[in-house]
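Remarks on the structure that follows.
Computed from heavy atoms alone, side chains included, the values below leave out hydrogens, waters and symmetry copies.
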Amino acid sequence: APDLAMLCHAWAQLGFLHEDLCIAMADRVVATAQNCTTQELCWLMDAYATARCCVQSVNLEIMKQTLLKIDDFALSELCLHASSFARLNLQCRGVFDAIGQRLAGMPFADCSSMEGHALSIHGQEKLLSARDVTLAAYSFSKLGFYSPPIFKAISRRSLEVIRDFTARDLQMLIVAFAKARHVDSELLDSISVQAQRRIAQFNSESLVLMLRSMAFFSIKDDSLFTRVLVQLPRAILTFRPSDAIAMLNAYAAVQVYSVALIDLVTPFLLEKAPALTPSDWLSALRGYSAMGCKDATFLSAMSVHLEASKLSWSQLCSAIIDCSRLSFAGASASLAEVALVRLVKDRVVCPVDAIAEMYSALLLLGHSTSDSEDGKEAGLLMELADRLRSCSDLLGALPYKTCASLCYSVMLAPPVTSGRVEYGEHPVDALFLAGHFAVPGRSWLLSTEDRLMLQQVRRTLHLLPWNRRALKSEQDLGELTEAETADEAMSPPEPFYLAALGHLVPHHNEAKWCSPPLSGSSCRAAISGTRIAPAASNVSSTESAENRDSDQRSRCGSSDSSSELGERLGLDRCRGTFAANEIQEGLREIMAALSACDIEHHLITEVETEVHVSIPRQALSRCMQQPEPNITQNDIAVVWGSKLHYVSNGVSQLDLSLSPAARFQVTALKASRALDVVVVPYWWWPRHGNLKERGAALARFLSDGAE
């Protein structure tokens, strides 16, 4: 066995190792393994792992000899040994417990002093190398041995040699910590810094896995994401469609606002459109909807290429919800037709929360006002309503977020109507829904996004005709939302996210209102319970073997995993960064144009009303050289009509109409402040001319619209 170990090690270095040799020498290895040194045991196990040759008798014998000689191994040898077990998927608890004790028991070196490089409790061992640390983290995470003391020790070892990590090592290390769900803020910050130094060395897969892992920990390092965008025009040439979609969802998970990302990813997806699977289209749609980015070109291409008949029921539900978030009705007919067939003819069994979310989505797209029962959307709405009515314990079956979304939608849109019935009925009373989730004692469950969503529901309750139940629910929601303080660090400020969030409902497939806790030295970042698939990369002694292992690992950015990652946010994140930034920039341009024309105005960002620009009627009349207005005339509130404010069927602007959510925002603003509300559409705003010319055009538009 010692001679065979040296032979296999040499051949592995040259790339000549073959599984036939490993099988042929198995008997000799079992018979003479006790004569091997610790290094030779490592070489033998590495040879079998490199060839992906699993011989049970050899595995058992090497495990036995490893446990007998565990104290004689150098730590670097144990790291390589652990990676061999991981590559062969051998979950030997005894071996890994012993290795973990050695790692956790090794004294920490002082990173600022070179004297620490000689510290050890097992002789004068050198400091672990970056590669050794990477192999240890990879091995423990891949086999599922998640022990906080071990990963704490690994993180300390990593910080000592952080500048020595290659791009590949950095990716493997952070993926291992993501799978173990272990947080060390100092290590994650250091990995981000080193990744920026080596950004040009990442290949497409490693780059995407690095960003997905950062997003998994809800770490929004603008410098890292910006550096990635600088490299993206070069790197995207080697991307697979799944890589681009996974990157899109990583940016969506941490809500990075970058127009450059969309300008690069959308043309790439259009170029690869024939190769995209239905799951790829839905995963990309999820990323766009999570950011509140309504890209008409992408949506039109998706409606052409997406074959609704190939979607599962859960995928149909997801597609309808995400289209609703983006106020896009172009795919509703085909999706509703297939969904109706699945419900009526195929009699699929559907979770009640999925039924409620689809019902909310179709209402918020305005499909409840169809003129006849022949419309597929109206037909699906009626079928969904019947299913909700048939649920004996609807409130008990609905998660709180779904309950809030359903309450919001049934108060914004009328029930489905047909040619024979002038007014229908919603399957559930909105006030019963509000009473279910409006419980002040539940304030500790709220994330920032939850709190803003409940602010929107509170506005709807405020407009209901007076009754005790509505008043009680509104007061309870007030206590619930006011118990949490506003996030001062949000950019754009919170009122702009509040305006955007009214369109980004319902919240799909999120039963819990908070994320599970993390282990580690810091839990500042809240993540979902969804695990990303780590790169089960080969850590053998040869580059050729690494390439073979790369073929066996699960595909980075698969549709399911990337969509979940893009969808689930930390407690301090809100969806809709593109919509919030669009509203902020639109109102900023309006104020700049008004200032150029010396028109008095004020930006109103109160919680009770939609963010808007208030203009005194007298100021507008003076600018237009009109007579002084009557005392009965109201001041003017200018609301920016973003892309999400308008329901569209395609790229044309001729079929745009205000969404139910936008109409509600206008109505609520009129009712609360007695203002004449004017919505300035995004497509009307003049993009040419100086500020004074834009201000004059806006004044004419406001004068005509407010009459």
Can you list everything that forms a side chain to side chain donor-acceptor pair (under 3.5 Å) with [X]? Sequence neighbours excluded, please.
X: Ser332; result: His367
X: Ser473; result: none
X: Tyr257; result: Glu585
X: Tyr359; result: His426

Nearest heavy atoms of [X] and [Y], plus distance in Å:
X: Gln456; Y: Gln665; result: NE2-NE2, 4.3 Å
X: Pro660; Y: Leu365; result: CD-C, 4.5 Å
X: Ser659; Y: Leu364; result: CB-O, 4.3 Å
X: Ile604; Y: Ser614; result: CG1-CB, 3.9 Å
X: Leu269; Y: Leu276; result: O-CD1, 4.0 Å

Is there a donor-acceptor pair closer than 3.5 Å between any side-chain N or O of [X] and the backbone N or O of [Y]?
X: Arg617; Y: Asn634; result: yes
X: Glu606; Y: Pro495; result: no
X: His503; Y: Ala500; result: no
X: Arg575; Y: Leu501; result: no
X: Ser405; Y: Lys401; result: yes
X: Arg663; Y: Leu658; result: yes
X: His612; Y: Ala637; result: no
X: Ser334; Y: Ala331; result: yes
X: Lys220; Y: Gln255; result: yes
X: Asn249; Y: Ser283; result: yes

Would you say that [X] contacts [Y] through its side chain, given a criterion of any heavy-atom pair below 4.5 Å between the two side chains?
X: Arg451; Y: Glu494; value: yes
X: Ile599; Y: Ile615; value: yes
X: Ile320; Y: Glu357; value: no
X: Val338; Y: Leu311; value: no

*By ring-ring contact (aromatic ring centres under 6.0 Å, His included), which residues pair with Tyr251, not counting sequence neighbours?*
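Expected list: Phe225.
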
*Who are the ring-ring contact (aromatic ring centres under 6.0 Å, His included) partners of Phe268, not counting sequence neighbours?*
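With sequence neighbours excluded, Phe268 shows a ring-ring contact (aromatic ring centres under 6.0 Å, His included) to no residue whatsoever.
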
*asked:* With side chain to side chain contact (heavy atoms under 4.5 Å, CB included) as the criterion, how do Leu343 and Val348 come out once you've worked through the C-alpha distance, each side chain's angles and the decisive distance to 0.1 Å?
replied: CA-CA 6 Å; Leu343 284 173; Val348 296; 4.1 Å; yes

*Qualifying ring-ring contact (aromatic ring centres under 6.0 Å, His included) pairs with a residue from residues 300-344, counting only residues at least two apart or across chains*: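 ring-ring contact (aromatic ring centres under 6.0 Å, His included) check on residues 300-344 returns Trp281-His305.
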
Apply salt bridge (Lys or Arg N to Asp or Glu O under 4.0 Å) to [X] and list each qualifying residue two or more places apart in sequence or on a separate chain.
X: Asp263; result: none
X: Glu693; result: none
X: Glu307; result: Lys310
X: Glu589; result: Arg687

*Test item: side-chain donor near acceptor, Thr277 and Asp280, under 3.5 Å*: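 Yes.
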
*Working to the nearest 0.5 Å, report the span between CG of Leu644 and CZ of Arg325.*
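Rounded to the nearest 0.5 Å, the CG-CZ separation comes to 11.5 Å.
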
*Flag the pair Glu582 and Lys294 as a salt bridge only when some basic side-chain nitrogen lies within less than 4.0 angstrom of an acidic carboxylate oxygen.*
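Salt bridge flag = no for Lys294 with Glu582.
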
_Non-neighbouring partners of Leu463 that pass side-chain contact (heavy atoms from CB on, under 4.5 Å), sequence neighbours left out_ =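 By the side-chain contact (heavy atoms from CB on, under 4.5 Å) rule, Leu463 matches Phe664, Thr667, Ala668, Ala671.
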
